[in-house]
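I have placed the structure first, in the form of structure tokens, so that the comments after it can refer back to it.
Counting starts at 1 for both ligands and their atoms, in listed order.
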Amino acid sequence: MLLRLRRAAPSRQIDSILALAKDLGYRPRFLDAQREILELEPEKGTDGKPDHRSRFEDCAGVAQVLDAGEARERHERAPGQPDTVVAVGDARFGGGEISLIAGPCAVEDGSRLLEIAKAVQAAGALLLRGGAFKPRTSPYSFQGHGEAALDMLARARAETGLGIVTEVLDPRDVARVAEVADMLQVGARSMTNTPLLAEVGASGRPVLLKRGFSATVREFLLAAEFVLARGNSRVVLCERGVRGFDKTTRNLLDVGAIAHLKRATHLPVIVDPSHAAGRSELVRPLARAGLAAGADGLVVEVHTEPSEARSDAAQAVSAETFAAIAKDAVAIAALDRRRLRTPQGSATTS
Ligand code: PEP
Ligand code: MN
């Protein structure tokens with residue numbers, strides 16, 4: 001591992017870094033006369049542990065970890081390491097496979113849910129997403145039907161065979177939600193809820209982790225690390241836009257972060273163009289942009305009667321628009337020899 005120390009670090013800070021290094025089984029050695037660049041060579045038999053990087057980052061005298069060496073965090077992609085492919089029902093994310101998740105923002109009633117499920121399945125979705133527990137900004141907005149919605153989701157799965165994705169807000173609900181969900185969504189507002197991250201990690205269910213709206217890429221990856229550290233490697237990252245200064249779009253889709261994440265981590269990355277756009281007419285172009293930047297899938301809010309949606313109606317797209325997005329996905333996937341998996345079979349343009 002290679003550390004850059006603060007230029008004016010007092011000697012007691014440097015001493016404590018050296019003591020920690022020895023404690024963790026490293027041989028420390030300064031590489032420069034100014035004693036700013038510190039190399040930590042693992043003692044024989046010391047295998048770098050993923051938490052060592054954070055231990056050094058926490059030290060007051062450390063300015064930057066320049067190279068984590070073998071002490072790689074679990075989310076990090078080692079040189080040449082292939083994608084982790086996360087399987088959820090028939091969907092696959094990563095390794096050149098793209099899958100689509102779609103459904104209403106909130107589960108409204110059983111028959112409407114089933115109608116939407118069938119429509120998105122016909123258009124190419126492999127997973128149905130609908131909120132039972134909704135994280136709303138106002139306590140007076142519709143909060144979702146909770147437990148009753150879980151039953152509706154279970155029925156939609158039984159009828160269509162689609163895997164279910166739904167959000168869990170409270171660590172105490174994880175076991176109950178995991179009985180129905182094939183994939184647990186942790187929403188943007190919950191990204192820093194570490195007890196929740198630990199609990200979904202312990203559940204062993206695949207996790208759809210959304211980026212907090214003011215989270216840096218590093219904070220996003222460390223949120224994933226909380227799940228991975230619990231022994232659950234089935235994490236799919238979701239870029240859904242961050243808060244910008246301009247309200248023209250609801251959020252600012254961070255396309256650069258998608259391209260970066262595909263390199264920095266072996267975990268799959270998908271895009272939610274709906275919450276980034278906030279307006280239905282912008283969802284398709286943002287979906288295209290996300291896939292072109294390398295995303296392994298999409299999660300799109302779709303409604304058979306968009307104007308009647310009980311939450312996020314302005315950004316809900318019709319089943320027809322979703323079908324057009326799925327077609328785009330086939331074409332964009334083919335640009336770099338990837339393929340879209342669909343209920344109708346893997347789709348390629350060639
Ligand atoms: C949602 O997926 O409906 C949602 C509330 O998204 P986010 O957590 O990204 O705001
Ligand atoms: Mn929504």
Show the atoms of ligand 1 that are less than 4.0 angstrom away from any heavy atom in [X].
X	value
Glu301	1 (C), 3 (O)
Cys105	3 (O)
Gly187	8 (O)
His275	1 (C), 2 (O), 3 (O), 4 (C), 5 (C), 6 (O)
Gln185	1 (C), 2 (O)
Arg129	1 (C), 2 (O), 3 (O)

### Message
What is the name of the N/O/S atom of Glu301 that is nearest to the Mn ion (ligand 2)?
### Response
OE2
#### Entry: Among the N, O or S atoms of Asp312, the one nearest the Mn ion (ligand 2)
OD2
### Message
Pair Arg92, Asp296 - check salt bridge (Lys or Arg N to Asp or Glu O under 4.0 Å), show working.
### Response
CA-CA 9 Å; Arg92 299 286 180 279; Asp296 302 299; over 6 Å; no
### Message
Using salt bridge (Lys or Arg N to Asp or Glu O under 4.0 Å), reason through Arg205 and Glu199 one step at a time and then give a plain yes or no.
### Response
CA-CA 10 Å; Arg205 275 261 179 276; Glu199 205 58 37; over 6 Å; no
### Task
List the steps, then state whether salt bridge (Lys or Arg N to Asp or Glu O under 4.0 Å) holds for Arg176 with Asp170.
CA-CA 11 Å; Arg176 171 71 185 110; Asp170 187 322; over 6 Å; no
### Query
Should we count CZ of Arg27 as having more than 12 external heavy atoms under 6.0 Å?
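Yes.
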### Query
Can you tell me if CZ on Phe220 sees more than 12 non-hydrogen neighbours from other groups inside 6.0 Å?
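Buried by this count: over 12 neighbours within 6.0 Å.
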### Task
Might you work through the salt bridge (Lys or Arg N to Asp or Glu O under 4.0 Å) test for Arg155 and Glu159, ending with a clear yes or no?
CA-CA 6 Å; Arg155 252 178 288 137; Glu159 291 239 8; over 6 Å; no
#### Entry: Ring-ring centroid check His52 Tyr26, cutoff 6.0 Å
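Yes: the rings meet the under 6.0 Å criterion.
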### Query
Between Arg218 and Glu73, does at least one N-O distance fall below 4.0 Å, as a salt bridge requires?
yes
### Task
Determine whether the side chains of His275 and Asp312 contain a donor N or O and an acceptor N or O closer than 3.5 Å.
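Yes, Asp312 and His275 have a side-chain donor paired with an acceptor closer than 3.5 Å.
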#### Entry: Nearest-option assignment for atom 9 (O) of ligand 1, heavy atoms, candidates Arg211, Arg240, Arg250
Arg240
### Query
Nearest to atom 3 (O) of ligand 1 by heavy atom, Arg189, Glu167, Lys134: which?
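Checking each option, the heavy atom nearest atom 3 (O) of ligand 1 is found in Lys134.
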### Task
Could you tell me whether some N/O pair between Asp312 and ligand 1 is separated by less than 3.5 angstrom?
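No.
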#### Entry: Top protein contact for atom 8 (O) of ligand 1, by heavy-atom distance
Ala188 N, 2.7 Å
### Query
So which protein heavy atom does atom 6 (O) of ligand 1 come closest to, and at what separation?
Lys210 NZ, 3.0 Å
